Novice: 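I have a structure I would like to understand better, so I am pasting it below and will then ask my questions one at a time.
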Amino acid sequence: MLLQDEELLEKRPSSSSLERFIPEIPQKVKSRRKMRKLVCLSGIVCVTMLFFIAVSNVSSPNEVPLWSANVMDPQRNEKTFRILLVGDTGGIPILETTWAQRGVKETMALIANGKDVQMVLNMGDNIYFTGPTDEFDPRFETRFEAVYDSPSLQVKWLTIAGNHDHFGNVTAEIEYTKHSRKWYFPSLYYKQSEEFNGTRIDFIMIDTISLCGNTKDIQNAGFIEMLRNESHDPRGPANVSAAEEQWTWLETMLSQSSAQYLIVSGHYPMHSMSSHGPTECLRNRLDPLLKRYNVNAYFSGHDHSLQHFEYDGNEGHKIHYVVSGAASRADASTKHVKEFSKDNLKFNYPEKSWFSWSPVSQLGFRKGGFIYAEFGHESARLDFYDKNGKQLYATFIPTRRILTEFVTKSTVSPFVEI
């Protein structure tokens with residue numbers, strides 16, 4: 001028995017020979033782990049390189065040729081004038097653009113290309129959350145130029161300021177007009193006229209923050225100061241004399257217009273069923289002017305949604321109130337919906353949600369949209385789109401009835417010289 005055991009012990013490999021084989025298994029595991037790490041690291045490096053290559057290959061917006069309005073139909077510009085209406089395009093800190101904004105931009109580019117768009121109306125809140133520091137702020141590039149860089153979007157962007165722009169240096173946004181081929185913001189408020197084959201559109205761009213006040217008592221502020229400051233509804237202009245000067249200018253522009261389309265645009269909405277709701281200052285001061293001078297429509301942003309209201313003006317004239325503030329995020333709030341009848345509130349997007357306010361939607365992780373408007377000789381058609389290109393709604397705005405007392409009188413003498 002002992003001899004058998006000894007023979008078995010002699011046949012069994014020695015401990016030194018076992019040591020050669022025991023580490024072999026974990027060594028293979030280690031090799032596999034190292035290989036995985038190398039593959040992952042290589043993947044990260046490749047993705048990073050591709051990202052920087054892609055970014056470096058994107059043409060600077062100022063190098064992209066301006067979009068020719070005659071490339072599709074030479075007679076199209078005699079029949080219509082075509083624009084996009086967007087609002088609250090200001091992006092988001094760190095990420096620069098929101099997921100919804102990228103989708104909206106791609107659809108805007110497709111529509112602009114297919115419809116041969118000639119201009120964009122930009123309703124304010126251009127740089128979130130505190131506006132630019134100066135005209136050389138890099139966010140002009142990362143939040144605007146590099147975002148809307150498609151060839152079909154290289155047209156004039158009529159721009160106004162929103163409340164978030166006034167949190168920072170709003171004058172910098174005016175000065176930036178000198179540095180961009182498409183950003184057009186010559187003054188806090190201004191008039192732009194367009195004409196096609198005898199039909200004229202007067203776009204009256206106003207600064208509602210100067211007229212009604214801001215939603216926080218700050219200016220040239222940083223992000224932390226903005227967070228610390230309490231939000232509130234507009235409480236009145238910070239500079240009363242400047243506001244009255246703008247009201248006087250506005251009425252002059254309205255009274256002198258003989259355009260077939262008279263469009264007033266401001267950041268704050270006249271009517272809204274969403275989070276911010278109506279702006280009482282505009283209801284009290286602006287709305288009577290819109291009715292008095294038979295304005296076709298009032299365009300706005302501020303609430304992150306798409307909305308359409310229709311109200312009676314004077315002598316059968318209809319005034320259309322349009323909200324387009326969903327270019328970078330969308331809010332499904334119906335906070336103020338009970339204040340409006342179905343006869344006046346014609347459309348709203350997004351649809352009602354279980355939550356009146358959602359950080360997911362407000363940060364731009366869900367929905368977004370914009371409006372395409374085509375002005376014809378008899379009426380303008382407005383098409384409401386979501387970020388995926390789905391047409392949500394459409395409406396028509398007829399040309400205005402020009403009041404005879406505001407039409408420019410002939411300078412020819414009625415008397416015949418003998």
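Remember, predicted model here, so these are calculated numbers, not experimental data. The residues of the chain are indexed from 1 along the displayed sequence.
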Novice: When the ring planes of His302 and His267 are compared, do they come out parallel, tilted or perpendicular, using 30° and 60° as the limits?
Specialist: perpendicular
Novice: Is Glu96 paired with Arg143 through a side-chain N to carboxylate O contact shorter than 4.0 Å?
Specialist: yes
Novice: Supply the atom-to-atom distance Leu188 CG to Asp165 CG, rounded to the nearest 0.5 angstrom.
Specialist: 10.5 Å
Novice: Give the C-alpha distance, both sets of side-chain angles, the deciding distance and a yes or no for side-chain contact (heavy atoms from CB on, under 4.5 Å) between Phe203 and Leu121.
Specialist: CA-CA 9 Å; Phe203 294 102; Leu121 259 61; 3.9 Å; yes
Novice: State, without any angle test, whether Gln256 and Tyr293 hold a side-chain donor-acceptor pair at a distance under 3.5 Å.
Specialist: no
Novice: More than 12 foreign heavy atoms under 6.0 Å from CD of Glu339: is that the case here?
Specialist: yes
Novice: Quick check: does any side chain N or O of Arg76 sit under 3.5 Å from a backbone N or O of Lys115, one acting as donor and the other as acceptor?
Specialist: yes
Novice: Checking Lys387 against Glu106 for the salt bridge (Lys or Arg N to Asp or Glu O under 4.0 Å) test, could you report, in this order, the C-alpha distance in whole Å, the side-chain angles of both residues, the deciding distance, and whether it holds?
Specialist: CA-CA 8 Å; Lys387 67 179 180 65; Glu106 292 299 329; over 6 Å; no
Novice: Side chains of Gln246 and Glu244 only: does a donor on one sit below 3.5 Å from an acceptor on the other?
Specialist: no
Novice: Where do Ile92 and Thr97 land on the side-chain contact (heavy atoms from CB on, under 4.5 Å) test, with the steps shown first?
Specialist: CA-CA 6 Å; Ile92 192 171; Thr97 58; over 6 Å; no
Novice: Dump the intermediate steps for side chain to side chain donor-acceptor pair (under 3.5 Å) on Asn239 and Ser241, then the final yes or no.
Specialist: CA-CA 6 Å; Asn239 187 329; Ser241 61; 2.8 Å; yes
Novice: Can you find a side-chain donor-acceptor pair between Ser272 and Asp303 that sits under 3.5 Å?
Specialist: yes
Novice: Flag this pair as yes if the NZ/CZ of Lys105 is under 6.0 angstrom from the six-membered ring centre of Phe370 and inside a 45 degree cone about the axis; otherwise no.
Specialist: no
Novice: For Pro237 and Ser210, work out which heavy atoms get closest and say how close.
Specialist: CB-O, 3.2 Å
Novice: Sub-3.5 Å donor-acceptor pair from the side chain of Thr279 to the main-chain atoms of Pro269, do we have one?
Specialist: yes
Novice: Could you tell me if the side chain of Met123 sits less than 4.5 Å from the side chain of Leu85, heavy atoms only?
Specialist: yes
Novice: Go through the side-chain N and O atoms of Gln307 and Tyr321 and say whether any donor and acceptor fall under 3.5 Å apart.
Specialist: no
Novice: Looking at CG of Asn296 and CG of Asp202, how far apart are the two atoms once the value is rounded to the nearest 0.5 Å?
Specialist: 10.0 Å
Novice: State, yes or no, whether a side-chain contact exists between Phe375 and Thr199 at a heavy-atom distance under 4.5 Å.
Specialist: no
Novice: Could you walk me through whether Thr215 and Tyr268 pass the side-chain contact (heavy atoms from CB on, under 4.5 Å) check?
Specialist: CA-CA 11 Å; Thr215 55; Tyr268 289 151; 3.6 Å; yes
Novice: Ser150 side chain to Ser152 main-chain N or O, any donor-acceptor pair under 3.5 Å?
Specialist: no
Novice: Answer yes or no: is there a donor N or O on one side and an acceptor on the other, between the side chain of Asp88 and the main chain of Ala327, under 3.5 Å?
Specialist: no
Novice: Answer whether the closest heavy-atom distance between the side chains of Ser180 and Glu145 falls below 4.5 Å.
Specialist: yes
Novice: Would a distance-only check, ignoring hydrogens and angles, find a side-chain to backbone donor-acceptor pair under 3.5 Å from Arg200 to Glu195?
Specialist: no
Novice: Mind checking whether Val120 and Leu158 have side chains closer than 4.5 Å, heavy atoms only?
Specialist: no
Novice: About how many Å separate NE2 of His304 and OG of Ser275, when rounded to the nearest 0.5 Å?
Specialist: 8.5 Å
Novice: Hey, does Tyr148 have a side-chain heavy atom less than 4.5 Å from the side chain of Met108?
Specialist: yes
Novice: Give the ring-plane orientation class for Phe196 versus Phe81, where under 30° counts as parallel, over 60° as perpendicular and anything between as tilted.
Specialist: parallel
Novice: From Ser379 OG over to Ile397 CD1, what is the distance, rounded to the nearest 0.5 angstrom?
Specialist: 9.5 Å
Novice: Stepwise, does the salt bridge (Lys or Arg N to Asp or Glu O under 4.0 Å) test hold for Glu374 with Lys79?
Specialist: CA-CA 10 Å; Glu374 183 166 308; Lys79 303 172 185 176; over 6 Å; no
Novice: Measure across Val104 and Gly369 and return the closest heavy-atom pair with its distance rounded to 0.1 Å.
Specialist: CG2-N, 3.6 Å
Novice: Counting only N and O atoms by type, is there a donor-acceptor contact under 3.5 Å from the side chain of Asn388 to the main-chain atoms of Lys390?
Specialist: no
Novice: Look at the rings of His179 and Phe136 and say which category their plane angle falls in: under 30° parallel, 30 to 60° tilted, over 60° perpendicular.
Specialist: tilted
Novice: Please check if the distance between the ring centroids of Tyr184 and Tyr190 is under 6.0 Å.
Specialist: yes
Novice: Counting the benzene-type ring for Trp, do Tyr311 and His320 have ring centres under 6.0 Å apart?
Specialist: no
Novice: Can you tell if the side chain of Leu382 reaches within under 4.5 Å of the side chain of Val322, non-hydrogen atoms only?
Specialist: yes
Novice: Asp383 and Arg381: salt bridge (Lys or Arg N to Asp or Glu O under 4.0 Å), yes or no, with the steps?
Specialist: CA-CA 7 Å; Asp383 292 292; Arg381 173 175 172 138; 2.9 Å; yes
Novice: Heavy atoms only: give me the nearest Gln118-Asn77 pair and the separation to one decimal.
Specialist: NE2-OD1, 3.3 Å
Novice: Does the plane of the ring in Trp183 sit parallel, tilted or perpendicular to the ring in Phe140? Use 30° and 60° as the thresholds.
Specialist: perpendicular
Novice: Parallel, tilted or perpendicular: which one describes the rings of Phe384 and His308, with boundaries at 30° and 60°?
Specialist: tilted
Novice: Do you know the tightest heavy-atom contact between Tyr298 and Met270?
Specialist: CE2-N, 3.5 Å
Novice: Would you say the side-chain atoms of Thr89 and Gln101 include a donor-acceptor pair closer than 3.5 Å?
Specialist: no
Novice: Looking only at non-hydrogen atoms, find the nearest pair between Ile371 and Ser324 and report the distance.
Specialist: CD1-CB, 3.8 Å
Novice: Would you sort out whether Phe340 and Phe309 count as a ring-ring contact (aromatic ring centres under 6.0 Å, His included), showing the intermediate values?
Specialist: CA-CA 9 Å; Phe340 301 97; Phe309 298 84; 4.8 Å; yes
Novice: How far apart are the closest heavy atoms of Leu262 and Ser257, and which atoms are they?
Specialist: CD1-OG, 3.6 Å
Novice: Do Ile160 and Asp207 come within less than 4.5 Å of each other through their side chains, counting heavy atoms only?
Specialist: no
Novice: Using a distance-only test with no angle check, is there a side-chain donor-acceptor pair under 3.5 angstrom linking Tyr393 and Gln391?
Specialist: no
Novice: Using side chain to side chain donor-acceptor pair (under 3.5 Å), reason through Glu173 and Thr159 one step at a time and then give a plain yes or no.
Specialist: CA-CA 9 Å; Glu173 295 196 5; Thr159 299; over 6 Å; no
Novice: Does Arg329 make a cation-pi contact with Tyr128 (under 6.0 Å, within 45 degrees of the axis)?
Specialist: yes
Novice: Distance check, rounded to the nearest 0.5 Å: Asp125 atom CG versus Ser328 atom OG?
Specialist: 8.5 Å
Novice: Answer yes or no: is there a side-chain heavy-atom contact under 4.5 Å between Met119 and Arg82?
Specialist: no
Novice: Please check if the side chain of Arg285 supplies one atom and the backbone of Glu280 the other of a donor-acceptor pair under 3.5 Å.
Specialist: no
Novice: Verify side-chain contact (heavy atoms from CB on, under 4.5 Å) between Tyr261 and Thr399, making sure each step is shown before the conclusion.
Specialist: CA-CA 6 Å; Tyr261 294 101; Thr399 54; 3.5 Å; yes
